[in-house]
Amino acid sequence: MKMKSVLVTGSLGQIGTELTPYLRNIYSSDKVVASAKNITEGIENVTKEGPFELVDVTKPEEIKAALKKYDIGTIYHLASLLSATGESNPQALWAVNMNGLNNILEAAREYKCAVFFPSSIAVFGPGSPQDKTPQDTVTRPTSIYGVSKVAGELLCDYYHQKYGLDIRGLRYPGVISNAALPGGGTTDYAVHIFYDAIRVGSYTCFLREDSSIDMIYMPDVLEGAVQVMEADPEKLIHRNAFNVSAITITPGKLAEELKKYIPGFTISYDIDPVRQAIADSWPNSLDDSAARAEWGWNPKYGLEKMTKDMLNVLSKKLN
Ligand code: SER
């Protein structure tokens with residue numbers, strides 16, 4: 001049987017720029033269609049090394065046209081606004097994150113596609129247990145981004161229960177990576193700190209020194225996404241919205257780790273009240289034992305290995 005193709009929305013974002021080549025490597029370049037609302041510069045590997053389509057996820061007809069044109073069987077739906085951006089424009093966030101997801105699910109129902117939906121630690125709020133937050137617990141977030149992710153998780157469950165769609169997903173913590181920069185998230189400090197450490201030897205952090213949030217390094221993000229989509233459905237009790245985590249850090253702890261390699265590195269703090277409030281409402285750490293038990297989640301990068309790799313890759317890139 002002819003293999004169906006894969007569509008990646010938000011393919012020019014922090015995760016998409018790396019997930020697209022990763023999927024093309026697994027399934028062959030011509031079978032993975034990258035899409036985004038606009039073309040941005042500097043991502044030729046995504047736009048030129050395989051099919052690329054302009055798809056605005058707020059426009060159902062553009063999604064359906066792409067599904068039809070390329071005979072899509074699976075959608076990795078990454079198009080989303082992040083938490084800090086959402087607080088400055090909640091309506092824009094709702095349009096992209098909620099209406100966009102709704103459009104994707106409706107199109108997936110019509111064209112019988114499987115869907116990967118990345119959720120977030122943002123589904124948790126001040127009422128959730130803050131340490132080793134369990135898989136199944138209170139999800140009453142206070143950010144609009146978190147609200148969209150909880151509603152998104154539920155909508156995905158609904159489409160699975162009502163229409164039998166195969167929809168799976170992970171609750172990512174902060175994502176650390178070195179290809180495309182994250183845009184407008186609360187956890188962005190953990191990426192920016194590496195760029196500034198290499199370029200200027202110091203970093204001014206917008207979160208407090210002791211703000212504990214879990215992180216994950218991009219190679220584990222990519223592996224986890226494909227692993228959950230290819231997992232044996234018989235073994236999946238949750239299917240969607242799995243807690244995943246790899247590294248528990250604060251800005252202070254990450255700065256100490258960086259000093260091991262850049263001895264003169266200094267960090268100072270200039271707190272952004274909006275992002276600090278979001279960070280304070282999120283868990284200090286996650287319990288990802290359901291992902292480990294149900295489909296073998298086993299991240300390869302802890303703090304030390306991630307830091308060494310980030311410094312190695314970025315030193316070459318920035319010099
Ligand atoms: N990295 C995201 C953010 O900070 C969390 O999912 O918004």
Side-chain angles (χ1 to χ4, degrees), residues 9-10 12-19 76-90 92-94 96-98 100-101 116-126 128 130 133 139 141-153 156 169-195 205-208 211-218 220-222 224-225 240-251 254 271-286 288 291 299 306 310:
T9 72
L12 305 182
Q14 185 193 12
I15 297 178
T17 48
E18 300 201 51
L19 184 65
Y76 283 80
H77 175 46
L78 306 180
S80 163
L81 299 186
L82 292 182
S83 58
T85 307
E87 290 316 299
S88 60
N89 194 343
L93 183 135
W94 196 258
V96 174
N97 292 22
M98 274 328 292
L101 176 64
F116 173 81
F117 172 65
S119 187
S120 164
I121 50 169
V123 296
F124 301 113
S128 312
Q130 292 297 295
T133 307
T139 47
T142 47
S143 68
I144 189 69
Y145 176 71
V147 172
S148 81
K149 289 296 183 186
V150 174
E153 288 181 356
C156 288
L170 310 177
R171 287 177 182 147
Y172 284 130
V175 172
I176 300 177
S177 67
N178 49 52
L181 285 167
T186 300
T187 56
D188 296 8
Y189 89 83
V191 176
H192 296 160
I193 194 171
F194 283 95
Y195 283 77
C205 186
F206 56 77
L207 293 184
R208 257 189 348 259
S211 298
S212 183
I213 308 179
D214 277 3
M215 301 283 167
I216 183 176
Y217 193 37
M218 187 59 87
D220 288 323
V221 169
L222 306 179
N240 178 27
F242 283 98
N243 285 3
V244 289
S245 181
I247 303 164
T248 299
I249 45 166
T250 61
L254 184 51
I271 308 306
D272 167 14
V274 174
R275 283 180 286 192
Q276 187 63 57
I278 296 172
D280 288 342
S281 76
W282 288 354
N284 297 327
S285 62
L286 293 186
D288 60 5
M306 175 277 293
M310 279 292 281

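Both counts, for ligands and for their atoms, begin at 1 and track the order of listing.
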- Given the options Leu254, Ile121, Ile249, Met215 meets side chain to side chain contact (heavy atoms under 4.5 Å, CB included) only with Ile249

- Side-chain heavy-atom pair Ser148, Leu93 within 4.5 angstrom cut-off: yes

- Message: Heavy-atom contacts with ligand 1 below 4.0 Å: which residues, ordered by chain and residue number?
- Response: Leu82, Ser83, Ser120, Tyr145, Gly185, Thr186, Thr187, Trp282

- Task: Apply ring pair (Phe, Tyr, Trp, His ring centres under 6.0 Å) to Tyr145 and list each qualifying residue two or more places apart in sequence or on a separate chain.
- Result: none

- Task: Check the side chains of Asp220 and Tyr172 for a donor-acceptor pair under 3.5 angstrom, ignoring hydrogens and angles.
- Result: no

- Aromatic rings Phe116 and Tyr76: how do their planes relate, parallel, tilted or perpendicular, breaks at 30° and 60°? tilted

- For Ser83 and Thr186, indicate whether the former's side chain and the latter's backbone hold a donor-acceptor pair under 3.5 Å. yes

